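What follows is a set of notes on a single structure, which appears directly below.
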Amino acid sequence: MAVMVIRVALPIPLRVHFDYLCDEQVSPGCRVLVPFGKRELIGIVWQLNPSDSYDAAQLKAVTQVLDQTPVLAAPIRQLLSFAADYYHHPLGDVLTSALPALLRDGKNADPVKGLSYSLTQAGKHLTEQQFKAAKKRLALWQQLQQPQTETQLLEHFQRKELQYFVEQGWALVTPVLYGPYQTADEQQKSLPLNPAQALAVTAVQQALGSFSCFLLEGVTGSGKTEVYLQAISPVVKKGGQVLVLVPEIGLTPQTLARFEQRFGVPVGVWHSNMTDLERFTVWQRSQTGDLAIVIGTRSALFLPFLKLDLLIIDEEHDNSFKQQDGFRYHARDLAIKRASIQGCPILLGSATPSLESLANVQQGRFAHLELPDRAAGQLMPTVELVDLKQQQMMHGMAGLTRQRIEQHLKLGQQVLLFLNRRGFAPALICHECGWMTECHRCSAFTTFHKQSRQLVCHHCGATKGVPHQCGGCGSTQLAPVGQGTEQLEEQLQQLFPTHTVTRLDRDSIRRKGSLQKALDQILQGEPQLILGTQMLAKGHHFPNVGLVVIIDVDSALYSNDFRAPEQLAQLLTQVSGRAGRGSQPGKVLLQTHYPGHALLQDVIQNGYASFARSALKERQQTFLPPFMFLALFRVEAHQLELCKEWLQKVADHYKDWPQVQLLGPLACPMERKAGKYRWQIQLFTKDRKQLHQSLDSVLTEVSRWSLSRKVKWQLDVDPQDLN
DNA sequence: AGCACGCCGACT
DNA sequence: GTCGGCGTGCTC
């Protein structure tokens, strides 16, 4: 075999490939072991005989070819290349998201499911008499008349018996490989569909076989899942595979069970709490077609499939689809790219679609499927605003709020309260001089936690004891300001002493499994007052909840993040969906000082769909995404001057790119975090191509600056939040 | 990223 | 006199 040059992607944070000599048969997507400086690295063959190869005299040779067949097939490589280009992230880092740790470390990639034992010719020629009194061996021999898997045999025999047969040359061990799953003859009966659902299912089913995008907009309880299931049905009948992406909290055992029971085909899950071996197995089972359906979070997007025929993204508006560190990709956006590469349809579902997806509908890129009615015919919840201005407040609640809670409790219903602030109080304040407890490493106050007698910074995690004296004037008059869930729990307990109060936040569910326990209790109708943070807002359904109270919506109304209104509207709508799924229509109560706020009025009176359309118009007029493209450079350093200097160099570079508008350098909303200063520069443009070209050119420069080694910098393309 | 080389301060 | 701090260069 002639020597050839191969281009290899290596697991290093450099935006370049490295070329090597190789005299073995190898194809793109295979792993190779290569010398790299003083080290040896495992890389992926990216290209054979690149036209612009490195000086041939300086090339080193591949140490070892690790795969005969590619671990990354062409469609995945295409996706990864696209992602690395689009997010301007080093390919080596991108690869890390796509390969299970075991494969990155060089584990054999053969899809071995297990071992099979069968008799050799010598084994077949044995006779019963030869075993004499060895009853166990005789039994083994008899069972081996048909090939058996090792797992089957170990149920009845000891490993050393099996080894004995092999040593005698009587039995042969062969690997059993994973392979395409068996389609089920029968599926569980599907639920009857209403006309809108039927229309949606038909549309997706007819689109199978080529790329297309659907946005399924269905209010909470309108039966989106049944649409997913029936869209999946013909795919798994024909042996195709389906990838279902769900938000981080959306992956419950119930979801898995529902898919498994319905189709009777293998379903796998993929999430961040799996061991390396579990991941490796799911990865192999998807690659070989052994799994029909994989339900997973963000990074499941990169799983290999033998025959991917349909992608589904549930709760497509959810922020957890955007990775918030390192390789900052958006799983929804890359999933669309993947569907186009694979030539299959993709279905995005949400009760509160992102403005990005709605814009795609308006521009004709996505087909719009709507489910306007709650499937079981329940009524939508009614929303009431509680004007807090000049109200006699008690425990952070207006009189009307307390009355409503009481009414619903009397009816034997559960009441759900949202307060997006953990702890007892957001800070302690000095009664004499106004000094407040601050974190000295972050630009933030430290939250007072009463139970643990601690001040905790929710941004860097630092904890310290509660001071007895003011840090400013030495006074001992320190009092909590503001209200957190811990305090609200205490106050609710006092106000409603005969009712149980359950608090669900990160502090109360520390112990493993205690969340599930609390949720089960709630479903059984046990606790009557449930309060919690964000984590309660998503994904869970509480049929016995008659009233939902949002303690404080104001902080989101006047935020400097342009996405805050969208996120608030989504939260309000999602939360409203938690109430009244039983026979009674639910009720939602919003406490606000701004009852006349246009956003609140729009969402409440006209619903999310209407709000979203006016919000989109506003984004268009104010020159914001999705009508223009946004990227941002963020930089952190212990010295403020280094941050500014680095960003200034970026800004200077942009003088050559008049089509890209700059905002900044400016401090991040949280300027100091964990002892480091954080600054950013925002880049806006209507011309996506200009943005990407400019980023390519500035990044080449950035890598040359020695200053870049003294700061920690990152680039965020399509940032989800501007922190 | 990792690893080496190189040049300055405080110590067995 | 060395050990080791991190600034800088390099990896096909």
Side-chain angles (χ1 to χ4, degrees), chain A residues 1-67 72 77 80-81 83-85 87-106 276 299 323-329 633-646 649 674-677 699-716:
Chain A
M1 172 106 201
V3 177
M4 65 172 166
V5 177
I6 57 172
R7 180 151 289 178
V8 179
L10 293 172
I12 46 168
L14 298 177
R15 287 172 171 72
V16 284
H17 297 96
F18 289 83
D19 296 340
Y20 288 89
L21 296 170
C22 185
D23 58 4
E24 275 180 77
Q25 172 66 41
V26 74
S27 34
C30 291
R31 290 170 302 166
V32 284
L33 187 64
V34 295
F36 188 73
K38 302 262 164 176
R39 303 180 277 166
E40 273 200 323
L41 294 177
I42 293 172
I44 302 282
V45 179
W46 214 249
Q47 204 185 343
L48 305 182
N49 300 311
S51 54
D52 55 340
S53 128
Y54 198 72
D55 177 12
Q58 298 191 47
L59 295 185
K60 291 184 184 172
V62 166
T63 312
Q64 197 188 343
V65 174
L66 298 174
D67 297 306
L72 294 177
R77 293 202 307 276
L80 296 172
S81 279
D85 289 345
Y87 293 102
H88 299 269
H89 199 80
L91 184 65
D93 240 22
V94 173
L95 289 177
T96 305
S97 330
L99 270 190
L102 293 179
L103 288 180
R104 292 202 302 271
D105 296 344
D276 286 349
S299 59
Q323 176 125 48
Q324 290 293 12
D325 50 61
F327 170 32
R328 300 176 159 255
Y329 65 97
F633 280 102
R634 205 178 278 116
V635 60
E636 293 179 13
H638 284 105
Q639 291 141 283
L640 175 59
E641 278 316 306
L642 292 180
C643 293
K644 289 188 184 172
E645 203 183 317
W646 191 86
K649 282 170 85 93
K676 281 180 166 174
Y677 287 92
L699 287 169
T700 335
E701 299 236 333
V702 162
S703 59
R704 285 204 272 262
W705 303 337
S706 63
L707 182 58
S708 296
R709 301 188 62 152
K710 301 189 184 94
V711 300
K712 216 179 135 190
W713 64 271
Q714 52 188 311
L715 169 63
D716 198 342

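Note that the structure is a prediction, hence the values are computed from the model and not measured. Here is the naming used below: chain letters follow the sequence lines, and residue numbers restart at 1 for every chain.
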Next item on the list: Would you mind classifying the nucleic acid contact of A/L14 as base, sugar-phosphate or nothing, using non-hydrogen atoms under 4.0 angstrom?
Entry: base

Notebook entry, point to check: Contact class for A/R7 vs. all strands (heavy atom < 4.0 Å): base, sugar-phosphate, or nothing?
Noted result: nothing

Checklist line | Candidate nucleotides B/dA1, C/dC12, B/dC3, ranked by approach to the side chain of A/K38 - the nearest | finding: B/dC3

Margin query: Please report the distance, rounded to the nearest Å, between CH2 in A/W705 and C1' in C/dG7.
Written below: 19 Å

Item checked: Chi angles and distances behind the salt bridge (charged side-chain N to carboxylate O under 4.0 Å, His left out) call for A/R7, A/D52 -> CA-CA 10 Å; A/R7 180 151 289 178; A/D52 55 340; 3.1 Å; yes

Notebook entry, point to check: Going from CD on A/E24 to CD1 on A/I6, what distance comes out if it is rounded to the nearest 0.5 angstrom?
Noted result: 9.5 Å

Note to self: Does A/P35 reach a base, just sugar-phosphate, or nothing at all? Heavy atoms under 4.0 Å.
What the structure shows: sugar-phosphate

Item checked: A/R709, nearest nucleotide to its side chain (from B/dA1, C/dC12, C/dC10) -> C/dC10

Next item on the list: Return the value, rounded to whole Å, for the distance between atom CD1 of A/I42 and atom P of C/dC12.
Entry: 16 Å

Check: NE2 of A/H638 versus P of C/dG7: gap in Å, rounded?
Finding: 13 Å

Next item on the list: Round to a whole Å and report the spacing from CD1 of A/I6 to P of C/dC12.
Entry: 13 Å

Notebook entry, point to check: What's the closest nucleotide to the A/K710 side chain, out of C/dC12, C/dT11, C/dT8?
Noted result: C/dT8

Next item on the list: Using whole Å, report how far CG of A/L707 lies from P of C/dG7.
Entry: 12 Å

Note to self: Rounded to whole Å, how long is the line connecting atom CZ of A/R39 with atom P of B/dA1?
What the structure shows: 11 Å

Margin query: For DNA chain C, which residues of residues 45-65 of chain A approach it to below 4.0 angstrom with any heavy atom?
Written below: A/Y54, A/Q58, A/L59, A/K60

Next item on the list: For A/F36 and B/dC3, give me the distance from atom CZ to atom P, rounded to whole Å.
Entry: 12 Å

